[in-house]
Every structure is written in structure tokens, then in C-alpha cells.
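Worksheet for the structure shown next.
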Amino acid sequence: MTELLATRGLETGYGTMQVLWGVDIDVGESETVVLLGSNGAGKTTLMKCLLGLLPQRGGEIRFRGESIGRLPTRARVQRGLAFMSELGVFPDLTVDENIDLGALFTPRARARTRAAELYDLFPVLKEKRRQAAGGLSGGQRKMLGIAKALAGDPKLLVMDEPSAGLSPLFVATVIRSLAACRAGGLSLLIAEQNVKFLELGDRVFTLEGGRIRFGGTPAEIQADDGLRRAYFGLGQDDPGQPDRGQAHDVRT
Ligand code: ATP
């Protein structure tokens, strides 16, 4: 595996409260990594720290072989990191304007080509390109969030709970969209509570109380009785093996 992103001993917090304690995670080139953790585990805090939206207090963040922990957010984005927050889009702006904003640091000609590619990937967004993002369905809004994050042509898309607020049907749609992006070579780091996303994952880390407890494959997490109970609510004899996701065409 060629290293794309790595954190070593990452620490941060808010005021006097320390939230992350010596966090080590890795994402390889073209790899999808799922960061599983319950409410308050520190997932959002870790994502913000990776993007420089929250300063780190210790440890190191490496991206494409460079130590980026002291760079401002803009410089990290320009090096190929993109972030999709839980909200993901600006509801008062149109679909077009949201995608435009996602390409803020990209040369105009490249941004236009990229927008056309994204509308091919998400035709439903093309139909609604002049509508306000707030009027889209939950699933379409997430697709727009993904398209906006991809508009800057990132190497790695860091996503904070893409399933938040979505019905199971829309979760499946979002997983299909991400599988299509992944098939195109994009690397993904997905923070989630929803184990359905393990379908996409090459590897998974679990975050508990700001510490990494487990790092391995989705099959390995299934093989550990304690972790299976914690994350799947299933005991040894229960079925619950997540299927490996297929790279479906999101237009279907
Ligand atoms: P959730 O799924 O609920 O978003 P999470 O795993 O993303 O959970 P974080 O949002 O990173 O968790 O929160 C980790 C801890 O940091 C929690 O104890 C939370 O209360 C605290 N925290 C988060 N944001 C802030 C903030 N801006 N100021 C102070 N404490 C915060």
C-alpha cells in the first residue's frame, strides 16, 4: 500500500478538554477507510484537525509524503484534501453555485470540465442545476455534497457521517454514488456510525473516547466478538456479515 494520508500520535481538543489521544490512522492510495465511532467519540474533531479547521496540539499529519499539520486549510485543500461536512451544502445557493464553490481553488477552465464530469456522474443534479440546494431531497443533497467536494479534483475525500439524516433508501443511494467514485480511483476516509458503510471499506478503524481501539479489515472486525457486539449489536452466532459493495452506476 502506498501511503496517502497518515496521522501519528495526533492530539487535539477544545479549551482545557483534550479530545484526541495519540491517534494513528492511515489511508493508502485509492483506498477507502471507514472510521467507526459512536456519538462523541471524536470523529468530527479528527476530520476538522486533518483539514486544519482545528489546530493540532501534538503528533503529525502526513499527506502525500509531506507534513501538513502546520499548513492552513487552503494549502491542504490545494494539495488534494477535500472535506464534506454533515451538512455538506449551502441550502440557499443553487446546485450550480454549490459546485462552483467547491472548485474555489481550481483554475476556471479545469473547474468547468470537472463540473461537466460531475453532472455526468450525477444526472439528477444536472436536471436541477438552477434550483436551490435546500429544495433537493435528502439523498440528492448528499450527492450534491459529494459533487461539491469533488469539484476541486481532490486525491482524498474526507467525509463526516454521510448517512446523517438519511433514510436507509438514501443511504444505499449514497453508498452506490461513493462506490462509483471509488471505482474511478478516488481515496475516501469516511467517518460513520452506520456499519452499512463497511461495504465500501478496504480497512476500518474504530475510535472510542478519542483513541483508536481497532484497525484492520471489515472481515477482522466481524471476527472479533466484542467489536461485533459493540458495532453490529450481534453475538457470535448471529448473521451480520456485511456484503462487499459493488461499483454500481449511480445513474441507474
Ligand atoms: P457525533 O457523531 O455526535 O458528531 P463525533 O464522534 O463526531 O460525534 P465530536 O463531535 O468530535 O464527536 O466530539 C468529541 C468530543 O468533543 C465530545 O465530547 C464533544 O462534546 C466535544 N466537542 C465537540 N465540538 C466541540 C466544541 N466546539 N467545543 C467544545 N467541545 C466540543
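Counting starts at 1 for both ligands and their atoms, following the listed order.
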Using a 4.0 Å cutoff against the non-hydrogen atoms of E161, which atoms of ligand 1 qualify? 1 (P), 2 (O)
Just distances here: any N/O of M17 and N/O of ligand 1 closer than 3.5 Å? no
Any donor-acceptor pair under 3.5 Å linking the side chain of E161 with the backbone of S163? no
Per-atom filter on ligand 1: closer than 4.0 angstrom to a heavy atom of S38 are 6 (O)
Consider ligand 1: state whether an atom of it lies below 4.0 angstrom from any non-hydrogen atom of G40. yes
Quick one: side chains of residues 53-65, donor-acceptor pairs under 3.5 Å with protein atoms, not counting sequence neighbours, listed by atom name and distance.
from: Q56; atom 1: NE2; to: G59; atom 2: O; distance (Å): 2.8
from: R57; atom 1: NH1; to: G15; atom 2: O; distance (Å): 3.2
from: R57; atom 1: NH2; to: G13; atom 2: O; distance (Å): 3.3
from: R57; atom 1: NH2; to: G15; atom 2: O; distance (Å): 3.0
from: E60; atom 1: OE1; to: R62; atom 2: NH1; distance (Å): 3.2
from: E60; atom 1: OE2; to: S67; atom 2: OG; distance (Å): 3.4
from: R62; atom 1: NE; to: E3; atom 2: OE2; distance (Å): 3.0
from: R62; atom 1: NH2; to: E3; atom 2: OE1; distance (Å): 2.9
from: R64; atom 1: NH1; to: R79; atom 2: O; distance (Å): 2.7

Salt bridge between R110 and E117, side-chain N to carboxylate O under 4.0 Å? yes
Distance alone, cut at 3.5 Å: any donor-acceptor contact between the side chains of Y231 and S38? no
Side chain, backbone, both or neither: the part of V19 lying under 4.0 Å from ligand 1 by heavy atom: side chain
Any salt bridge linking R229 with D225? Criterion: basic side-chain nitrogen under 4.0 Å from a carboxylate oxygen. yes
List every atom of ligand 1 that sits less than 4.0 Å from any heavy atom of K43, numbering the atoms from 1 in the order shown and giving each element. 2 (O), 5 (P), 6 (O), 7 (O), 8 (O), 11 (O), 12 (O)
Report yes if some N/O of N39 lies less than 3.5 Å from some N/O of ligand 1; otherwise report no. yes
A191 contact mode with ligand 1 (heavy-atom cut-off under 4.0 Å): neither
Can you name the atoms of ligand 1, numbered from 1 with element, that are less than 4.0 Å from a heavy atom of Q193? 2 (O)
Would you mind running through ligand 1 and noting each atom that sits below 4.0 Å from a heavy atom of T44? 4 (O), 5 (P), 7 (O), 10 (O), 11 (O)
Should D96 and K128 count as an ion pair when the cut-off is N to O under 4.0 Å? no
Nearest non-hydrogen contact with atom 11 (O) of ligand 1 belongs to which option: T45, T16, L207, D160? T45
Which residue pairs pass the side-chain hydrogen bond (donor to acceptor under 3.5 Å, both in side chains) test when at least one of the two sits in residues 20-30, sequence neighbours left out? R8-D26, E29-K155
Quick one: nearest non-hydrogen protein atom to atom 12 (O) of ligand 1, plus distance? G42 N, 3.2 Å
If I compare all heavy atoms of V34 with all of F197, which pair ends up nearest, and what's the gap? CG2-O, 3.5 Å
Below 4.0 angstrom, counting only protein heavy atoms, does anything approach atom 9 (P) of ligand 1? yes
Cluster overlap L186 with L125, hydrophobic side-chain contacts below 4.5 Å: yes
How far is atom 22 (N) of ligand 1 from its nearest protein heavy atom, and which residue and atom name does that atom have? Y14 CE1, 3.4 Å
